[in-house]
K.L.:
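This is the structure I have questions about; it appears just below.
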There are 4 protein chains.
Amino acid sequence: MSVRFALLGAGRIGKVHAKAIAANPDAELVVVADAFAVAAEDLAAAYGCGIADIDTIADDKSIDAVVICTPTDTHADLIEQFVVAGKAVFCEKPIDLSVARVRACLGVVAKHKGTLMVGFNRRFDPHFMAVKQAIAEGQIGKVEMVNIVSRDPGPPPIDYIGRSGGIFRDMTIHDFDMARFLLGEEPALVTAHASVLVDKAIGAAGDFDSANIILETDSGTQASISNSRRASYGYDQRIEVLGAQGLVSAENQRPVSIEIANGNGFTRPPLHDFFMTRYTEAYGNEIASFIAAIGSGKAATPSGEDGLKALILAEAALKSVAERRSVKVSEIAP
Amino acid sequence: MSVRFALLGAGRIGKVHAKAIAANPDAELVVVADAFAVAAEDLAAAYGCGIADIDTIADDKSIDAVVICTPTDTHADLIEQFVVAGKAVFCEKPIDLSVARVRACLGVVAKHKGTLMVGFNRRFDPHFMAVKQAIAEGQIGKVEMVNIVSRDPGPPPIDYIGRSGGIFRDMTIHDFDMARFLLGEEPALVTAHASVLVDKAIGAAGDFDSANIILETDSGTQASISNSRRASYGYDQRIEVLGAQGLVSAENQRPVSIEIANGNGFTRPPLHDFFMTRYTEAYGNEIASFIAAIGSGKAATPSGEDGLKALILAEAALKSVAERRSVKVSEIAP
Amino acid sequence: MSVRFALLGAGRIGKVHAKAIAANPDAELVVVADAFAVAAEDLAAAYGCGIADIDTIADDKSIDAVVICTPTDTHADLIEQFVVAGKAVFCEKPIDLSVARVRACLGVVAKHKGTLMVGFNRRFDPHFMAVKQAIAEGQIGKVEMVNIVSRDPGPPPIDYIGRSGGIFRDMTIHDFDMARFLLGEEPALVTAHASVLVDKAIGAAGDFDSANIILETDSGTQASISNSRRASYGYDQRIEVLGAQGLVSAENQRPVSIEIANGNGFTRPPLHDFFMTRYTEAYGNEIASFIAAIGSGKAATPSGEDGLKALILAEAALKSVAERRSVKVSEIAP
Amino acid sequence: MSVRFALLGAGRIGKVHAKAIAANPDAELVVVADAFAVAAEDLAAAYGCGIADIDTIADDKSIDAVVICTPTDTHADLIEQFVVAGKAVFCEKPIDLSVARVRACLGVVAKHKGTLMVGFNRRFDPHFMAVKQAIAEGQIGKVEMVNIVSRDPGPPPIDYIGRSGGIFRDMTIHDFDMARFLLGEEPALVTAHASVLVDKAIGAAGDFDSANIILETDSGTQASISNSRRASYGYDQRIEVLGAQGLVSAENQRPVSIEIANGNGFTRPPLHDFFMTRYTEAYGNEIASFIAAIGSGKAATPSGEDGLKALILAEAALKSVAERRSVKVSEIAP
């Protein structure tokens, strides 16, 4: 049996999911909705699916699942509408920029025993999955420290910065989720430093572009995250986990792995220049995992709760920068 | 306009091409033929295509192109039949184990101005393509030496060895093609050493499992190839090209690129264990190139002539081993 | 002209410097002092030098320079004694565990216009020097972020922990110096997290064994340091520096760089298991730099001031852990 | 007890050995001889040793051992003179360019039960030693194939080419020795291709600058060697050994191992640009091994016989190129 999908939002990330759904033998992309008719039409033409408005889709009994790729400020409302309508919901991160709103939304999901999965795609990267598996197999012993380097090739447009919720809620949130995923314990204490080094306009928009964050659990296990909105050499995404008996790490990925040697040295090409090419396999695996959860009736992971917890860490980081102190997670989420 | 494909042969490599055709937006897999009904039915079910016998397909005016994945001894006949029938033909290597038969076949193709492409998939590997491109861009200056290491994870079944034409025609033929592709000149002199080190049964079947080959062009440019039918660490596929001004190389590929460090050292996982996973992208690119050639009316590459020239090098290598001397290509192909 | 050296302290690190002096064509090891007669005799026998007590050495007009490798609590007194005696002084880090005592000592050095160099050997590692040089040449543009991973193979003996001054003053102090060396600006704000994960006895001794630290300068440039007293895979010493136009990094070093590949994967040997083998070249370069400073009359670097500043960062880190907040360097050193 | 050394020849390689002897605690450089007085004086001044002529050194009963670094055409005579004089002899490769002369020389050595070690320094490189050890420990199972890439940064002066004996006797001879060292069996069959690609003047001098060679033992084990007199990226020295159960390899070495990443990619510095810096440790280990052999009374390795066997392979390679056929080693050395 094939899962019948509706796609809400035909923008950049919507197209990524459309492609993943189309390529999945257990899924069918039935219909797309987008406020911009042209975007919906282009995607519908490319994938041979229908077009409808959101309410129509919510009422369509033949639709099993929706993928929400609309602007962030619509996410929580849409999650609620579609969970109430009995659809399995996959929502791009973040659920909302407000912890309170996310909490309310998850309350609705819980009340209706809905299926909600949040788009932390990196958990599905084959290399990071292999890191997680090595930990699970006990290959490095008890986890003691997670170190994440996560840098974008370049900053997003300034107007995006303004509505992004800031670097912690927009960019680091992936790393917060990855840290939680790998630590195996909940961070209890957060300290962050953040600066504007890449572009003053980012600072003028009230945001930062460079940050280092430390997370600590009650048992003393720690994670460090190093972020920048600029990396001239490509999309820099590295994780390593130190355990009592060893270290496991995932190195950067590049489109081609040749090397040219001459009098200047030995040169390998830059990394991927875009998250979509870097995480192509991850997006496919992510949708497959959502489909499998729907089929099995088991909980979809990462859950709405995972989305909430990463957001809380982002709030704590913001507070840490503002108050120049370590912030207890319990201050944000008592 | 989509190219309408028939697939002849629904075995292992047939499935690879079926998948590549199905995933290509400019192609459609219309029908499959296989002597084993179950194989054809399984593939037809998986890709939603029809089933027909070979003669019916040849007569079907709606079919634009065929992919020949049947046993080697049928290749030349099928190429001739489908070229005469006006279809564009993609044929898995080798065209035939006999140089004379290949010549005759190419004569038929030429007479009918047919389109024939031979399945040297490695030319379409993104990493090897990048090596070729670096050479073409002049990044290493004039090519002086090509060094290829090419090792299979393990030997094929002994009964396959018997009908394979031997290691040079079956395995090294890919490396002969790659050497020609990268040298940019035709080899004129061939010397080979071959031994049985992996499995005596391979020797009993009249074949070798370990070989080193040197190719030399009239200008003195050289290529070395090192082959083994066994590599405990996976599918070992490396090329490097030395030029007057530098070196370009393509390293091995592995499914995941994590590293685990402990008291035993730093360990990365083995390489791909199978040519299909190693060359997944290459197969997709290969079919796309064939489709593009059909669409543009330009010659498909690698051509039947490329298939012939690689086979001639294999013959020369065999003669070199037998006679313990360097063999001129002109001795085989006067 | 050869610089005539006295060595104070014939222990582990004393032997390292004795070897470096003996191998330097511009230096001569004339005499050694050690409270333990046997240690002094062994070293004197190995290097063909004399033995004397400290006061005799201070009075010996033929001695140009001393290398102080005695226990930490004697460093400041000896620096003062030998600076007053007119000798150039090289002192192992730290000058003292107390900021006030270091300040007083540096006052004496300044008053006597003495030459004092502090043993931050890592600045002289060829790989880290090349990182610094790449920055100086402008190869990565303006420095924005320094990331240091620094892990010992295993913890020191517990009794050493007790008198070490703690992980920040004993181990991280090298990383504080390296961060200052690479940032090119003074850190103004320090935040640290520290835990006991490796050995509870370390906690019982009042120390930590695992830490992450963030440094920030007034311009917003940041450094992160990740420490552990245990790394099963060897002595882990990595630095990387992100600039506006690129990244420069120095990878780990291992005694031999072979790789063994089999069904378990591709394995390289563990890293160096000891700081002496890891930094062999650094120790030689360090003494050569001291000798060159003596010969040229220029200031020796890293200076006593460098030693003080690293110690202040260690104090700030300790305060940060205790008070769970970011600590201004000006709080420690008004 | 310290071995008392005389050095014959104060040129480039003589200085390398002088340095190694001076640094060795079990040796003493007593005297140097060189036809050019200035060269001898410089070296004597640098190492504080005496100067004498060759006959005086041969008669000096206080000298235990000589290191022969004079021009190749004097090697055999000097070996004979000093073996007769009862000195342990270390001779730079080759013993002579003529197989017959080497045989005669080794006859004299045998008659006088002399100690003779030949300067195949690469056997003492720590990385290649680790490769050999991995084989000896059975880590890759039975050796099946050795692959050597050996390229010089640039060709030697043309006048050196003329008296070098040609690429096989001068450059490849190191690789022949390494192949024998790693194969663990004697090559019985040799095939070589050689070209002039780097500099036509090399061809005019009767030599080649680019070559590929295959060696095969009676059991079918093979070795490939790929040589060039030019590598713009530095001194390229790689070996790998394929066994029934795995692969062991030694990668290239570079002076510093930083990496700079920017929009052009990730660049590591070129390799060593000179054999002396590449093989610094090897030269030290080599002399230490010679000293140990003298001290223990055991045979020094690599022996004169090893020197002869490598030379025979060079002769066979030359004959192979000339006659375009595989040459049996027994044809050269019946």
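Note on naming: letters A, B, ... go to the chains in the order of the sequence lines (proteins, then strands), and numbering restarts at 1 for each one. Predicted, not measured: the structure shown is a model, and the values here were computed from it.
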K.L.:
Heavy-atom pairs under 4.5 Å with chain D: which of B:Ala231, B:Ser228, B:Ser195 has the most?
P.N.:
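Max contact count across the listed options: B:Ser195.
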K.L.:
Counting only heavy atoms closer than 4.5 Å, note whether B:Glu144 contacts chain D via side chain, backbone, both or neither.
P.N.:
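The answer is both parts of B:Glu144.
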K.L.:
Using heavy atoms and a sub-4.5 Å threshold, report which of residues 181-193 of chain D line up against chain B, by residue number.
P.N.:
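Against chain B, the residues of residues 181-193 of chain D that fall inside the cut-off (heavy atoms, under 4.5 Å) are D:Leu189, D:Thr191, D:His193.
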K.L.:
Using heavy-atom distances under 4.5 Å, tell me whether B:Leu242 contacts chain D through its side chain, its backbone, both, or neither.
P.N.:
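Looking at B:Leu242, just its side chain touches chain D.
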K.L.:
Is D:Ser219 in contact with chain B via its backbone, its side chain, both, or neither, using a 4.5 Å heavy-atom distance?
P.N.:
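The backbone, not the side chain.
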K.L.:
Measure B:Glu323 against the heavy atoms of chain D and call it side chain, backbone, both or neither at under 4.5 Å.
P.N.:
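Looking at B:Glu323, nothing touches chain D.
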K.L.:
Could you give the distance from CZ (B:Arg254) to CZ (B:Arg268), rounded to the nearest 0.5 Å?
P.N.:
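The CZ atom of B:Arg254 sits 4.0 Å away from the CZ atom of B:Arg268.
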K.L.:
Check this for me, if you would: do D:Asp170 and D:Lys93 make a salt bridge, where the nitrogen-to-carboxylate-oxygen distance has to be below 4.0 angstrom?
P.N.:
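Between D:Lys93 and D:Asp170 there is a salt bridge, with a charged N closer than 4.0 Å to a carboxylate O.
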K.L.:
Could D:Glu315 and D:Arg169 be called an ion pair, given the rule that one side-chain N must be under 4.0 Å from one carboxylate O?
P.N.:
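A salt bridge links D:Glu315 with D:Arg169.
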K.L.:
Tell me, out of B:Lys328, B:Gln245, B:Met145, who's got the most heavy-atom pairs with chain D below 4.5 Å.
P.N.:
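Highest number of heavy-atom pairs under 4.5 Å: B:Met145.
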K.L.:
Can D:Arg123 and D:Asp125 be counted as an ion pair, charged N to O under 4.0 angstrom?
P.N.:
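A salt bridge is absent here (no side-chain N lies under 4.0 Å from a carboxylate O).
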K.L.:
Could you have a look at B:Val196, B:Val149, B:Asn147, B:Leu247 and say which one has the most heavy-atom pairs with chain D under 4.5 angstrom?
P.N.:
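Counting heavy-atom pairs under 4.5 Å, the top option is B:Leu247.
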K.L.:
Is it the backbone or the side chain of B:Lys142 that comes under 4.5 Å from a heavy atom of chain D, or both, or neither?
P.N.:
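For B:Lys142, there is no contact with chain D at all, as no heavy atom is under 4.5 Å.
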K.L.:
Can you confirm whether more than 12 heavy atoms, excluding those of B:Arg324, are under 6.0 Å from its CZ atom?
P.N.:
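Result for CZ/B:Arg324: open.
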K.L.:
What residues of residues 202-212 of chain D make heavy-atom contacts with chain B at a cutoff under 4.5 angstrom?
P.N.:
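Interface residues of residues 202-212 of chain D: D:Ser210, D:Ala211, D:Asn212.
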K.L.:
Does the distance from a Lys or Arg side-chain N to an Asp or Glu carboxylate O, for B:Arg180 and B:Asp306, drop under 4.0 Å?
P.N.:
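Yes, this pair counts.
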K.L.:
Given heavy-atom pairs under 4.5 angstrom as the criterion, report whether the side chain, backbone, both or neither of B:Asp199 touches chain D.
P.N.:
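Looking at B:Asp199, nothing touches chain D.
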K.L.:
Which region of D:Ser232, side chain (C-beta onward) or backbone (N, CA, C, O), has a non-hydrogen atom less than 4.5 Å from a non-hydrogen atom of chain B, or is it both or neither?
P.N.:
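Interface part for D:Ser232: side chain.
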K.L.:
Take the angle between the ring planes of D:Phe176 and D:Phe168 and call it parallel below 30°, perpendicular above 60°, tilted in between.
P.N.:
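Ring orientation of D:Phe176 relative to D:Phe168: tilted.
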